[in-house]
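If you scroll down you'll find the structure; I have some questions about it.
Below, chain A is the first sequence line, B the second, and so on; all start at residue 1.
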Amino acid sequence: MLLINRALRLLDRHYGDLKWWPGDTPFEIMAGAILTQNTAWSNVEKAIRSLKAARLLSLPAMRRAGPASIARCIRPSGYYNQKALKLKALVGFLDREYGGSISRMRAGRTGLLREQLLTVRGVGPETADSMLCYALDKPVFVVDAYTRRIFGRLGVLRGDEDYEEVRGLFESAIKSYIIGDGGGQRDGLQKLLNQYHACIVMAGKDFCRKRSPACASCPLRRLKRCRW
DNA sequence: GCCCAGGTGGGTA
DNA sequence: TACCCACATGGG
């Protein structure tokens, strides 16, 4: 618990306010959350550029487009046939449940939204939480491969915990550090959960790759239990 | 050429 | 429940 917060604060100080997620609109963020599944972000950027060039990166445009034309654009992100179907499934869900309005969806309760998202084909826990946190501004912590790798190396995680277990651990650790009152507290929590996961991704990319970790300049290097 | 990258869903024992 | 496997491209 303590180690989690110490590590997150070190990363936060190192990176400053990251203002995540990279994306111009909530819909783009949701689409990006699907496109980045098991894929390097540099490849997702190519797919997003291509969708924009084809004017397909909006809910109405994607509603009209067929899976094949979406798949052509997102080819660089890998799994393009699967992901095209997933994007269509997301649009179908938004249309069916929220009349195609993400701002209407934003008014829903976090727990309900999460349950709903998990029923969408191709939306698992990490993708759902990315959407909740970064497209809908809900107070949710996103657990990803970087979280598991970094905190595995810090000895916080064994490696066999399931997604919910890790999420619960981090959310309660971060909550325990929040001080303040009422709405401000809730807003502060959302911002912290957002920022901390962003920091983890940056640190994962910069210092915690499976190959060639840049350990010497890692902000976590001084934590006693950090082992590469 | 081989390994890896911000997962998910389906199948089998 | 606990593993396998398919899905696929681009960079190091």
Residues at least two apart in sequence or cross-chain that pass side-chain contact (heavy atoms from CB on, under 4.5 Å) with A:Asn81, listed by chain then number, are A:Ala71
What pattern of brackets, bars and dots sums up DNA chain C from 5' to 3', given Watson-Crick or G-U wobble pairs under 3.5 Å, [ ] for crossing pairs and | for another strand?
|||||||.||||
Check the distance between C:dC7's C1' and A:Asn81's CG and give it to me in whole angstrom.
9 Å
Side-chain donor/acceptor of A:Lys138 to backbone N/O of A:Gln190, under 3.5 Å
no
Pairs in or reaching into residues 50-85 of chain A: which pass ring-ring contact (aromatic ring centres under 6.0 Å, His included), with residues at least two apart or in two chains?
none
Could I get the full list of side-chain contact (heavy atoms from CB on, under 4.5 Å) partners for A:Asp12, not counting sequence neighbours?
A:Gln195, A:Tyr196, A:Cys199
Rounded to whole angstrom units, what separation is found between the NZ atom of A:Lys83 and the P atom of C:dA8?
9 Å
Name every donor-acceptor pair, under 3.5 Å, that has one atom in a side chain of residues 163-170 of chain A and the other anywhere in the protein, sequence neighbours excluded.
unit_1	atom_1	unit_2	atom_2	d
A:Tyr163	OH	A:Asp129	OD2	2.6
A:Tyr163	OH	A:Val143	N	3.2
A:Glu164	OE1	A:Arg167	NE	3.2
A:Glu164	OE1	A:Arg167	NH2	2.9
A:Glu164	OE2	A:Arg114	NH1	3.2
A:Glu164	OE2	A:Arg114	NH2	2.9
A:Arg167	NH1	A:Glu171	OE2	3.2

Suppose you measure atom P in C:dA8 against the same atom in B:dG10; what distance do you get, rounded to whole Å?
15 Å
Ignoring backbone atoms, establish whether A:Arg209 has a side-chain N or O less than 4.0 Å from OP1 or OP2 of B:dC3.
no
Quick one: label A:Lys46 by what it contacts on the DNA or RNA (base, sugar-phosphate, nothing), any heavy atom closer than 4.0 Å.
sugar-phosphate
Summarise how protein sits on nucleotides 7-13 of chain B as a single string, 5' to 3': B when a protein heavy atom is under 4.0 Å from the base, S for sugar-phosphate-only contact, - for no contact.
BSSS---
Would you please name every residue forming a side-chain contact (heavy atoms from CB on, under 4.5 Å) with A:Asp160, sequence neighbours left out?
A:Arg158
A:Thr127: partners by side-chain hydrogen bond (donor to acceptor under 3.5 Å, both in side chains), with sequence neighbours left out:
A:Gln37
Categorize A:Arg148 for me: base, sugar-phosphate, or nothing, with a 4.0 angstrom heavy-atom threshold over every strand shown.
nothing
Contact check, residues 22-31 of chain A vs DNA chain B, heavy-atom distance under 4.0 Å, returns none
Could you work out the separation of C:dC3 and B:dA5 based on their C1' atoms and round it to a whole Å?
22 Å
Residues which pass side-chain hydrogen bond (donor to acceptor under 3.5 Å, both in side chains) with A:Lys52, listed by chain and number, not counting sequence neighbours
A:Asp24, A:Glu28
By the salt bridge (Lys or Arg N to Asp or Glu O under 4.0 Å) test, which pairs, at least two apart or in different chains, include something from residues 33-42 of chain A?
none
Expressed as a whole number of angstroms, how long is the span from A:Leu35:CG to B:dA5:P?
19 Å
Sorted by chain and residue number, the side-chain contact (heavy atoms from CB on, under 4.5 Å) partners of A:Ala89 (sequence neighbours excluded) come out as A:Val120, A:Arg121
A:Asp160 has an atom CG; how far is it from atom C1' of C:dC3, in whole Å?
14 Å
Under a 4.5 Å cut-off applied to non-hydrogen side-chain atoms, are A:Met105 and A:Phe93 in contact?
yes
